[in-house]
Amino acid sequence: MNEFLEQFLIESRELIAQATDDLLALEHAPKDAARLDSAFRAFHTLKGAAGIMDFDAMGLVTHATEDVLSTLRAGDRAVTPKLVNNCLACLDQITAWLVAMEESEALPEEADADAAGLIARLIPSPRPEQPAPVPAANPGEPTLPAHAAAILQEQIEVLALPQDEGTPGRTAAAMRVMQNIFTRFGLSAPAAPTEPATEDTARPQRMDMARIETLVNLAGELIVVKNAYGHAVSLAPSPALTKLQAQLDRLTADMLRGVLAARVLPLRHVFQRFPRLVREMAASLDKPVRLVTEGDATEADKRIVETLFEPLLHVLRNAVDHGIEPPGQRAAAGKPSPAIIRLSAARQSDEVVIEIADDGRGIDPAAIRATAAKRNLATPEALAAMPEPELLELIFAPGFSTAGAVTNISGRGVGMDAVRAAITQLGGRVTLHSTLGTGTTIRFHLPFTIMLTRVLTVEAGGQAFGIPFEAVVETQQFNRKDIAAFGAAEAIIWRGKTVPLISLAATLNLPDTPPAGIIHTVIVEHGGEWGAIRVDRFGDQLELMLKPLDGLLSGMQGIAGTALLGDGRVLIVLELNEVLK
Amino acid sequence: MSAMRVMIIDDAALVRLYYRDTLERAGWHVEEALNGLEALEKLLRQPVDLLIVDINMPKMDGITFLNTLRRQSGPIAGIPALIISTESAPQDFAAAREAGANFYLVKPIQPDVLLAHVTLLCGAAS
């Protein structure tokens, strides 16, 4: 895509998000002059950008909106929901045009007609003036320039070359170059904890994500090369190579930390979609609700930010649908209108904490007891004796829902268990606090970056698998005679403990050759379950960047993810939950 | 901090002058060699922080020079090297990489491009 168009799309989307935010705020605070100015500026800058791109339809629409906003500024007109709707409709249309431009690099033919329709809604008699010329948009400030990324990439290619007598020299030179680039761009230093920024101090971030994504993938491949290099060194050890290997280990770890710290997005990317969604949900339920977002400049790993939409949407839906009382009940309880849902984010050391707090009715322990009993989640006696925090945890049990009736907004069969699963998959956790009559707060505690997974590789049924290292207690060999049979099942006695013996090959429906003499097992402990996993042989310990399953493999049970090995094979990393079942 | 040292290895005097002028203005210390053999002799006496290497040179070309350099024992084997050549075929890039080049630029090259790359490629031995 041409650089101008790329920059135009990035900037226009930022401005649309800003204008949307401002318009929604104006609806609640029509006299907020700062918001009005901000919205006006956003439309003005959009108009300028449209002018640079010779994008007439967008120029005319933004010009008309700017006119409307200037009459508001002069006090000639008041902010009404209809006016806000019309302005939002313009932004929706521009967003649709941007999508079309991104896909085909050309405008849809009907753009001019659409523009005319929107302008007619905005102002009865449009003035088709040419948009005024404005100064050129500021170019972006990429954190890692293209030539630096290209040089880094070349060093990775150099490190991946086949081994020969030149390898130590080439490796040393490549590492000196990489070290220099890391130092210059501050990549080796872990990102400094940032104060939760407010909207005012938030600067638009225009990093070229595709470029950073390339670096993250390359860093992942570099780790593969590093692992292969370590293997090669172990075959022919020499002090010089071992020293280089230690350096390479340190550098790759620094590099990965560095690039992952660069692959961050402000949470605005996901937060900005909610004010309108909540507005529409609330309108469809006739509940006056206002969503307040805070700390949306807080950054988190791109993959985390992009995965958060569904879980957040679910929690917000619950809040609007179940948390917030109907207007009559609120008035009777002496609660203010509109109801407030606060969506906030803050960085707390290595964590990003996202909080969704509503001032609604809170969760009724009696209702939980009733539902849990109905769903057979626990016996009535256990429920009666259950302390409140534990009771609230039942909300995360699969299939739980306290909704009396299924509505269009929530109750679609996806429960809080799905929310917890999504957050756990990102390496985070979910907590819930609720006070009856006062409201409910749900917190997502998320890691700032995605971490490396350490695995032990094993072979079973002729294939390589990875076992997450955190679950491995030890590798142990047994004699055939140590195996005790319990009906069809087998177990071994390990340190006075009876541990079930599990054939990995058989579990995965692979050809299993029962060993004649010595059997190799990996003793694992996961979620309180123990197992001795029988494998054909043990492999190396590796550090990997786990790729979540996609395509055909997605949804396959027993697999946590995959990673590429030094020799090009794909390593399947096991999900022990399923294996131990 | 003492100035970083670059060695320009190119048989064309005008090219060496152009690089030298650009780099010295930016505060670099510049050494020169007319071919790979002369460069090796000079480096064994006094290493530098970065090599700018032409490919086509008499006596010892850039590829042979890099292959030889990377097989030396001692710190000179790991000096980063930037190839600047008029050759622009994919097999030239591959040959340079295999010989031990850390980056490849195609002539002609603007002063700001030269400086930007030299700054990033130059790495002091740790």
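So you know, we letter chains A, B, ... as the sequences are listed, proteins then strands, and number each from 1.
Screening residues 29-41 of chain B for side chain to side chain donor-acceptor pair (under 3.5 Å) gives B:R5-B:E31, B:R16-B:E32, B:R20-B:E32, B:H29-B:E31, B:E38-B:K42 as the qualifying pairs, with residues at least two apart or on separate chains.
The backbone N or O of B:E98 sits less than 3.5 Å from a side-chain atom of A:R170, completing a donor-acceptor pair. One N or O on the side chain of A:R176 and one on the backbone of B:G78 form a donor-acceptor pair closer than 3.5 Å.
The environment of B:K59 atom NZ is sparse: at most 12 non-hydrogen atoms of other residues, nucleotides or ligands sit within 6.0 angstrom.
Annotation: side chain of A:D164 is in contact with side chain of B:R71 (closest heavy-atom distance under 4.5 Å).
Looking at B:A101, only its backbone comes within 4.5 Å of chain A, counting heavy atoms on both sides. With a 4.5 angstrom heavy-atom cutoff, B:T119 touches chain A via backbone and side-chain atoms both. Heavy atoms closer than 4.5 Å to chain B are found in both the backbone and the side chain of A:A150.
Atom CD of A:E154 is separated from atom CZ of B:F93 by 9.5 Å, given to the nearest 0.5 angstrom.
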Verdict with supporting geometry, B:N102 and A:Q155, side chain to side chain donor-acceptor pair (under 3.5 Å): CA-CA 6 Å; B:N102 293 92; A:Q155 305 321 301; 2.7 Å; yes
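Residues B:L120 and A:I151 share a closest heavy-atom pair of CB-CD1, 3.9 Å.
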